[in-house]
> 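This is the structure, below, for whatever I ask next.
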Amino acid sequence: MLKQSTALCSLLVAGLCTSATAGVLPESQTTSSWYQDAQTKIAAKLARSQSTKAKNVILFVGDGMGVSTLTAARILEGQMGGNMGEEGYLSFETFPYSALVKTYNVDAQTPDSAGTMTAMMSGAKTDVGVIGVDEDIVRGDCSTVAGNEMITALELAELKGLSTGIISTARITHATPAATYAKSADRNWEDVSDMPEAAVNGGCTDIASQLVNFENLMEQRFAGADVDGIEVAFGGGRRHFLPKDAAYNSADAVSSVEGDRTDGRDLTAEWLAAYPNGAYVMDQTGFDAIDTENVERVLGLFNESHMQYEADRDNDVAGEPSLSEMTATAIDVLDNNDNGFFLMVESGRIDHGHHAGSAYNALTDTIEFAKAVQAAVDATNAEDTLILVTADHSHVFTIAGYPKRGNPILGKVVGVGSDTPAQAADGMPYTTLGYTNGRGFRDLGDETNADATYGLDNANGRQDLTNVDTTTSGYHQEAVIPLSSETHAGEDITLHAMGPGAHLAQGTIEQNIVFHLIENALDLVAE
Ligand SMILES: [Zn+2]
């Protein structure tokens with residue numbers, strides 16, 4: 001009978017059919033909080049409007065933030081708040097739309113940040129290791145750049161009169177941020193001292209120089225264009241902007257000679273000369289003093305190399321802002337433009353925590369990244385701002401074994417119904433989190449900088465963890481295959497979206513679609 005009613009219902013309007021199944025479900029089922037939460041979510045989906053045009057777009061990139069990183073970070077965030085953890089969501093995991101993203105580069109099954117971010121910013125996939133150029137490039141060959149440059153969403157936003165901003169906790173010349181503004185045959189050409197002589201003689205310029213000269217380069221590229229340049233750039237990487245001369249060291253310097261540039265140029269001084277109404281800042285005090293309502297533009301270089309891991313930020317020499325602080329301040333500056341803005345925010349060091357084999361640093365940086373997304377949600381209007389949150393690629397990071405609900409995510413596996421760590425076939429306990437490859441086990445206690453592992457000998461394979469507290473910040477997970485650095489992984493990553501045009505983020509998509517979502521929302525390319 002029930003089957004017949006269902007068939008009939010498909011021919012009739014829904015209202016006439018509700019009686020066929022009304023009251024079928026037991027109350028114990030429909031009063032379950034799981035059931036009711038799901039009903040609430042479906043009702044919200046049905047009530048959703050689908051506008052497509054945005055005033056502002058913010059693209060968040062968690063570098064190396066694969067699906068297992070999201071799951072483990074949400075559990076850790078919940079457990080740090082005194083909950084079991086599995087039931088929670090990172091801020092952007094509550095966004096209404098999501099997609100799976102295929103990350104491969106044109107020439108690589110498992111990609112890198114340069115090829116992936118170029119795809120997201122330029123709308124076409126390209127080769128591994130290159131910035132802002134198409135697949136016809138030969139990596140490292142300056143002579144192949146001309147004619148193969150692509151135009152990015154950030155550049156199109158500038159041409160359209162929007163304000164633009166870039167933020168990264170990595171060096172601002174590193175692959176992900178560089179792919180928003182630079183064209184380079186090699187991601188490693190961060191300053192002139194990193195370039196082969198043939199590239200310098202061939203007329204290629206370094207990535208830091210391209211950032212500081214962005215406005216001029218745009219106006220050379222587009223005859224008759226009058227753009228006003230990038231309004232906000234926050235990140236690390238000061239060494240690529242300063243001459244290799246101790247006289248240029250800043251108060252935040254760690255190395256005896258902070259600058260790397262061998263051409264004598266001080267790009268921070270060049271930037272200030274070009275923008276006398278701009279503010280150049282390099283520490284927390286300078287950051288806190290930014291007058292967001294009146295400043296014309298701001299360049300913040302908070303570390304000579306990458307900025308600190310969030311867990312290690314208190315150890316910075318002159319102090320530096322968090323990713324969420326940088327995001328909120330950037331929006332306060334960018335939203336002074338009534339035409340709208342495009343902002344890219346990268347958490348660059350989730351990737352570095354994983355490369356060093358430290359789940360603790362990767363996950364605590366992911367939690368700060370989620371806070372930065374929430375800061376953007378709080379500072380903007382969902383009616384006019386498209387927020388996209390994605391990664392560039394994954395890592396070989398796994399959540400394994402059969403730990404019971406609420407088991408500490410950084411801990412050893414304790415099974416359902418047990419209070420003691422489960423034993424592997426070798427008689428030793430094992431952790432839930434692990435890496436397929438990399439440098440392997442470390443017990444560094446309360447160390448908060450994952451990079452402390454570099455310089456030590458690899459310690460791969462099984463270790464006796466019986467007397468090791470694996471939940472400390474300095475613990476590094478076991479890794480099977482010995483490598484100098486843990487690697488990226490090739491499986492799909494996620495894209496989460498809210499705001500106008502967010503509903504177009506659906507299904508399993510190629511990574512270069514991200515550009516087209518931005519372009520569509522802002523109408524960046526005239527038909
Ligand atoms: Zn990486």
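Numbering of ligands and ligand atoms starts at 1, following listing order.
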> With a 3.5 Å cut-off and no angle check, do the side chains of Asp141 and Ser143 form a donor-acceptor pair?
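A donor-acceptor contact under 3.5 Å links the two side chains.
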> Only counting residues at least two apart or in another chain, list the ones meeting side chain to side chain contact (heavy atoms under 4.5 Å, CB included) with Val200.
Val192, Met195
> Which count of protein N, O or S atoms is obtained for distances strictly below 2.8 Å from the Zn ion (ligand 1)?
4
> Do you see a donor-acceptor pair shorter than 3.5 Å between the side chains of Asp260 and Ser193?
no
> Do the rings of Phe302 and Phe234 sit parallel, tilted or perpendicular, given the 30° and 60° boundaries?
tilted
> When you compare the side chains of Ser168 and Glu346, does any donor N or O come within less than 3.5 Å of an acceptor on the partner?
yes
> Using only heavy-atom distances, determine whether the side chains of His395 and Asp351 contain a donor-acceptor pair under 3.5 Å.
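Judged by distance alone, the side chains do pair up.
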